Protein chains: 2
Amino acid sequence: MGKINNSRRDRKKPGAVKAAGPAAARGARMTDVARLAEVSIMTVSRALRQPAVVDPETLKRIHGAINATGYLPNRIAGSLASQRSNIVGLVVPSLRNSLFAETVKGVADTLGANFDLMIADSGYVLDGEETAVAAFLSQRVCGIVLHNTKHTPRTRRMIQSAGIPCVETGNLVRRPIDMVASFSNHKAAFEMTAFLVGKGYRRIAFVSLPLRDNDRARERQAGYLQALKQFGLPVDRRIVLESMPGLRGGAGALIELMKVRPKIEAVFLTGDVLATGALLEANRNDWRVPDTIAIAGSDDNELQECVSPALTSLRFPRYDIGCTAASMLLNRIGGNLPPAQIVDLGFQIIPRQST
Amino acid sequence: MGKINNSRRDRKKPGAVKAAGPAAARGARMTDVARLAEVSIMTVSRALRQPAVVDPETLKRIHGAINATGYLPNRIAGSLASQRSNIVGLVVPSLRNSLFAETVKGVADTLGANFDLMIADSGYVLDGEETAVAAFLSQRVCGIVLHNTKHTPRTRRMIQSAGIPCVETGNLVRRPIDMVASFSNHKAAFEMTAFLVGKGYRRIAFVSLPLRDNDRARERQAGYLQALKQFGLPVDRRIVLESMPGLRGGAGALIELMKVRPKIEAVFLTGDVLATGALLEANRNDWRVPDTIAIAGSDDNELQECVSPALTSLRFPRYDIGCTAASMLLNRIGGNLPPAQIVDLGFQIIPRQST
DNA sequence: TTGAAAGCGATACCAG
DNA sequence: CTGGTATCGCTTTCAA
């Protein structure tokens, strides 16, 4: 005897003892639980993952031992042994932006308690996304959700050769890395422009976030331009703007647009809180909305509904997109064939007083 | 020969072949890189973690092999072997609320590329937090950040016996599980109330989120009450409200408060977007702010600054709190003693036109 | 500067 | 229903 009890925790590192403190007490292992419950480690493992197969009496002893030891399964070991993890990785352009929070929430809710979520932001930069994806792949995530739909070649390659499911959510791309759950930004912008035309506005300005590395903004601008073309309206490049995000971005854009002659009749601001910023600016200047200037926005939220006048806006099903994305991942992970590679969740135009 | 090359990927599971598809191609392992670079696996391992120790020529060959194989280190295996992970776990009350996003961003920015972030929400429920913490501990995170500062006994126990660093960020508690980086909600509410009293307001209402399981809201209400007491003002329970979150919550609270007689002169709404909701409601009803009713808020943001009249508010250093929390974690993980167990990042009163 | 051998703590497979 | 044994892919330790 003696040697027999020489488990890991009895050993001492020869080198620095480090600031041991409370950290010295490492958690119990499955072995400890097994010993206490007087079963083999395999039975403990089963008790945790397929309790139905284990004798109820045995099960009870094991649970007793688990409680007594405060045992928490070591998923690192579990994942290594089983060659699969329960971590889903999520990359959004910005952690700050509450738009993405909706999708994140949808993913988290749908994944439930059996999966964990790893999150990173790309900073709206393709290389940022690549870095995040590489990190996730190193953690051997079992699935990936990307908001952006434009990627570096290496990002695509890495994900594809990792062979894990991936859902893109930012735009309804035709050729996704793997799957996509989203709506058509192009169509949404087209429809909103058409809506404004239908209301009788002819000189309609357009404001989006910077197009660089942002396929959503790009698609929306294209949708706007196509609508103008289709309705035989001329394009005036002076009233097609890219703006910094934030309320001030929208406010600044509106100020600039109001200087242009001939005067614009309406403006469609899409992205972030641009439209709200513009509306508040209009109020500050006593520009009557919609008489002097009509304003339409996108990414409808409670705020757009509560300002005066309430904003006409596009509603995107961000939460549902997150739920759907997670379901698609789960389906694939479960080994089922994907129900669909490309899921269009659509969008709605919410007409209010601002147009 | 033959047997010698019989590596894992040559074997076939006897059972179901599963929907192999692209997933069949599993990534390269360190062994593959080693073989290609004609070095031992140990040298590859070193090349990755302490390149300075490896011969430059060898290093070059190894990097060549890494690129050729598309090797991505398997952190699961690495973590198991080294008994430490590079994952930090973060629990916020709600993933939707952009308040918390600031802190999350601060943590993410400070952790940098060497750590990954796992996020979960507690749904404002203590048991939700416990579940999330248990999951994180199972993943063997190397540190935890909790927004909430009230916890179930088991949550505290689990974290403490896991012996990993933990920072709480929601309130400057006296007795944290481990460390805290925050500001005093009590003091903040006290000061804002005092500010209103200083402005000459006497009948001051107070609105917060529901107190249940929410220590921040509780502390703020206590701060408000203490201020009234200190300035010799009477407490009228009819004007101390708990409100649902959201703009509508704030709007509803204001409507209710405006019915109370004698009329209130000012209201301090703290939490979520309550104050903004109240202000917008006042505007809709043409209640003059601040003449008819003064409004003060908390959690200052761009919106509160851009509405008319701009809102007097409390500014909390949420981003800095995230940065500080991450630094504290990093310090501990690095083996350094913590610079401080309790860090007060303070707050500011931002006076504007609404009071 | 490099390598061999022994784990890390679980799971999978097969046998009993 | 239960247990033995061989991994999983990497790091640690020790020796060369």
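Naming: A, B, ... by sequence-line order, numbering from 1 per chain. Nothing here was measured: the structure is a model prediction, and the numbers come from that model.
- Look at Ser40(B) and you'll find a side-chain N or O under 4.0 angstrom from OP1 or OP2 of dG3(C).
- Under 4.0 angstrom from either OP1 or OP2 of dG3(D) there lies at least one side-chain N or O belonging to Thr43(A).
- Partners of Tyr71(B) according to the side chain to side chain donor-acceptor pair (under 3.5 Å) rule, which considers only residues two or more places apart in sequence or in another chain, do not exist here.
- With dG3(C), dC10(D), dT12(D) as the choices, the nucleotide that has an atom nearest any side-chain atom of Met30(B) turns out to be dC10(D).
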Check: Taking only Watson-Crick and G-U wobble pairs with both distances under 3.5 Å, what dot-bracket line describes DNA chain D, where [ ] shows pairs that cross earlier ones and | shows pairs with another strand?
Finding: ||||||||||||||||

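- Annotation: proximity of residues 66-81 of chain B to DNA chain C (heavy atom, distance under 4.0 Å) is found for Leu80(B), Ala81(B), numbered in ascending order.
- Heavy-atom minimum distance, Val88(B) versus Cys142(B): CG2-SG, 4.1 Å.
- Residues forming a salt bridge (charged side-chain N to carboxylate O under 4.0 Å, His left out) with Arg332(B) (at least two apart in sequence, or on another chain): Asp178(B).
- By the side chain to side chain donor-acceptor pair (under 3.5 Å) test, Arg157(B) is found to be paired with no residue, residues two or more places apart in sequence or in another chain being considered.
- Checked against side chain to side chain donor-acceptor pair (under 3.5 Å), Arg46(A) has no partners two or more places apart in sequence or in another chain.
- Rounded to whole Å, the distance from CE on Met42(A) to C1' on dT11(C) is 6 Å.
- Classification of Arg75(B) and Asp116(B) as a salt-bridged pair fails, no side-chain N sitting under 4.0 Å from a carboxylate O.
- Rounded to an integer number of Å, the gap from Arg29(B) CZ to dT11(D) C1' is 17 Å.
- Considering only residues two or more places apart in sequence or on other chains, Asp320(A) meets the salt bridge (charged side-chain N to carboxylate O under 4.0 Å, His left out) condition with none of them.
- The side-chain contact (heavy atoms from CB on, under 4.5 Å) test applied to Leu59(A) returns Ala47(A), Pro51(A), Val54(A), His63(A), not counting sequence neighbours.
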Acceptor/donor pairs from residues 126-138 of chain B side chains to any protein atom, 3.5 angstrom cut, sequence neighbours excluded:
from      : atom 1 : to        : atom 2 : distance (Å)
Glu129(B) : OE1    : His151(B) : ND1    : 2.5
Glu129(B) : OE2    : His151(B) : ND1    : 3.4
Glu130(B) : OE1    : Thr152(B) : OG1    : 2.6
Glu130(B) : OE2    : Arg154(B) : NH1    : 2.8
Thr131(B) : OG1    : Asp127(B) : O      : 2.9
Ser138(B) : OG     : Pro73(A)  : O      : 2.8

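- Projected onto DNA chain C by closest heavy-atom contact, Ile41(A) and Val39(B) fall at different nucleotides, the more 5' of which corresponds to Val39(B).
- Residues of residues 45-61 of chain B having a heavy atom closer than 4.0 Å to DNA chain D, listed by number: Ser45(B), Arg49(B).
- Partners of Asp213(B) under the side chain to side chain donor-acceptor pair (under 3.5 Å) rule, at least two apart in sequence or in another chain, do not exist in this structure.
- For Phe100(B), the ring pair (Phe, Tyr, Trp, His ring centres under 6.0 Å) test picks out His147(B), with sequence neighbours left out.
- At least one side-chain nitrogen or oxygen of Gln83(A) sits closer than 4.0 Å to the OP1 or OP2 atom of dG9(D).
- Per the geometry, CZ belonging to Arg35(A) stands 14 Å off P belonging to dG3(D), to the nearest Å.
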